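Nothing here was measured: the structure is a model prediction, and the numbers come from that model. Quick note: numbers below take in every heavy atom, side chains included, and nothing from hydrogens, waters or symmetry partners.
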Amino acid sequence: MTEQAAPTPQPARLTVLSGPSGVGKGTVVAEVRRLFPHVWVSISCTTRRPRPGEADGVQYHFLSDAEFDDLIASDRLLEYASFAGHRYGTPRKPVEQHLAAGRPTLLEIELQGARQIRQRMPEARFVFLAPPSVRELRDRLVGRGTEATEVVEARLAQAEVELEAHDEFDVVVVNDDVERAAAEVVSLISVVDA
Ligand SMILES: Nc1nc2c(ncn2[C@@H]2O[C@H](COP(=O)(O)OP(=O)(O)O)[C@@H](O)[C@H]2O)c(=O)[nH]1
Ligand SMILES: Nc1ncnc2c1ncn2[C@@H]1O[C@H](COP(=O)(O)OP(=O)(O)O)[C@@H](O)[C@H]1O
């Protein structure tokens, strides 16, 4: 029997999911993983402190400012941005490796980072998660109870900037119902264009 080389996998699609703080990105991404375990979700680096229940290497890699500076200096971030007083960035290598191995890959990042990815990887698909209303966004952010009042206000001010940019994205998904929104995101991640 002749041995055949394993076929080289087709590079997979990169999907970028953005949307204002409190819209439900984390909640929807958790549901996306449940519905579609084949997706690989990038773990970002951040200089913000972990919230209760968050662990290093799970939700984020929690870094010092000096460690974050090192990643920038050695070009190990695909994109990075400041948000509400902290820095966030996507480690480059795991994204490239998972895409090359054929795993549909998802980045959950804010607007400035999404714009950098559009410059570098225009073939990616850009999805904006929108709230049913601004009132509902405020209620979700306050209801989550993870930030102090002034941080909530800073995030809401930033949310207005993000909401105005929704038409830069390929698709807008309204997070009215978590399961419905997640199913829509899965269809965008998993279906390859003809
Ligand atoms: N540019 C960029 N933004 C990120 C990255 N990781 C997370 N973010 C965004 O940073 C913002 C703040 O995240 P976080 O502090 O976890 O708050 P939360 O999204 O409101 O729970 C959100 O809009 C995230 O999508 C990243 O690697 N790069
Ligand atoms: N479709 C939804 N309907 C009602 N509440 C939601 C919905 N999606 C998320 N939430 C709630 O809104 C709050 C913010 O969600 P989260 O996923 O932390 O947002 P983000 O990651 O965008 O900041 C959480 O308390 C979450 O349970």
Side-chain angles (χ1 to χ4, degrees), residues 9-44 46 51 53-55 58-60 78-79 83 88 90-91 94-118 121-146 155-156 158-194:
Q10 285 286 98
R13 167 179 283 152
L14 177 65
T15 304
V16 175
L17 182 71
S18 287
S21 186
V23 72
K25 297 182 299 299
T27 308
V28 169
V29 168
E31 184 63 13
V32 165
R33 282 181 197 268
R34 200 182 67 78
L35 294 172
F36 186 52
H38 188 48
V39 71
W40 182 74
V41 182
S42 168
I43 302 173
S44 296
T46 183
R51 295 176 185 146
E54 288 183 335
V58 181
Q59 289 81 9
Y60 284 105
L78 196 54
E79 59 73 36
F83 183 92
Y88 298 80
T90 304
V95 171
E96 292 175 347
Q97 286 171 336
H98 284 88
L99 286 174
R103 286 284 293 278
T105 293
L106 181 63
L107 308 184
E108 189 236 287
I109 62 177
E110 53 65 72
L111 180 61
Q112 303 165 69
R115 286 173 172 159
Q116 292 170 42
I117 299 290
R118 190 181 282 290
M121 304 168 92
E123 69 285 3
R125 175 169 277 170
F126 294 83
V127 180
F128 187 84
L129 194 66
S133 66
V134 174
R135 177 66 204 260
E136 174 69 18
L137 180 66
R138 173 182 285 271
D139 289 349
R140 286 184 192 173
L141 201 49
V142 173
R144 188 171 70 184
T146 50
R155 281 171 179 248
L156 279 170
Q158 187 59 31
E160 290 189 20
V161 176
E162 300 227 349
L163 287 170
E164 276 172 19
H166 70 270
D167 56 2
E168 293 178 28
F169 288 74
D170 300 321
V171 189
V172 175
V173 172
V174 177
N175 181 20
D176 41 11
D177 172 80
V178 175
E179 271 199 36
R180 195 210 60 76
E184 197 178 337
V185 173
V186 168
S187 72
L188 295 166
I189 291 172
S190 56
V191 175
V192 176
D193 295 329

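- Without hydrogens or angle criteria, Glu31 side chain to Val28 main chain gives no donor-acceptor distance under 3.5 Å.
- For the pair Arg140 (side chain) and Gly22 (backbone), a donor-acceptor distance under 3.5 Å is absent.
- Here the shortest heavy-atom pairing between Ile189 and Arg13 reads O-CD, 4.3 Å.
- Between Arg155 and Leu141 the shortest heavy-atom distance is CB-CD2, 3.9 Å.
- Closest approach of Val39 to Arg33, counting heavy atoms only: CG1-CA, 4.2 Å.
- A donor-acceptor distance shorter than 3.5 angstrom exists from the side chain of His166 to the backbone of Leu163, with no hydrogens or angles considered.
- The closest donor-acceptor contact from the side chain of Lys25 to the backbone of Gly19 lies under 3.5 Å.
- With rounding to the nearest 0.5 Å, the separation of OG1 in Thr15 from CD in Glu108 is 13.0 Å.
- With values rounded to the nearest 0.5 angstrom, Arg103 atom CZ is found 9.0 Å from Trp40 atom CH2.
- Between the side chain of Arg125 and the main chain of Leu188, a donor-acceptor pair closer than 3.5 Å is present.
- Nearest heavy-atom pair across Val32 and Ala182 is CG2-O, 3.8 Å.
- Among residues two or more places apart in sequence or in another chain, the side-chain contact (heavy atoms from CB on, under 4.5 Å) test is passed with Val142 by Arg138, Val152.
- Glu54 CD: more than 12 foreign heavy atoms inside a 6.0 Å radius.
- Contact between Ala114 and Val16 at its shortest, heavy atoms only, is CB-CG1, 3.9 Å.
- Salt-bridge annotation for Arg144 and Asp139: absent, with no side-chain N of the basic residue lying under 4.0 Å from a carboxylate O of the acidic one.
- By the side-chain contact (heavy atoms from CB on, under 4.5 Å) test, Ala165 pairs with Leu111, Arg115, Glu168, sequence neighbours left out.
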I would like to know whether Arg180 and Asn175 meet side chain to side chain contact (heavy atoms under 4.5 Å, CB included); could you show each step before the answer? CA-CA 8 Å; Arg180 195 210 60 76; Asn175 181 20; over 6 Å; no
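- Considering CZ of Phe126 and OG of Ser18, their distance stands at 8.5 Å, rounded to 0.5 Å.
- Inter-residue side-chain proximity for Pro91 and Leu78 is flagged as unmet; no heavy-atom pair is nearer than 4.5 Å.
- Shown here for Glu136 and Pro132, the closest heavy-atom pair between the two residues is CG-CD, 3.9 Å.
- Residues passing the side-chain contact (heavy atoms from CB on, under 4.5 Å) test with Gln158 are Phe83, Val161, Glu162, sequence neighbours excluded.
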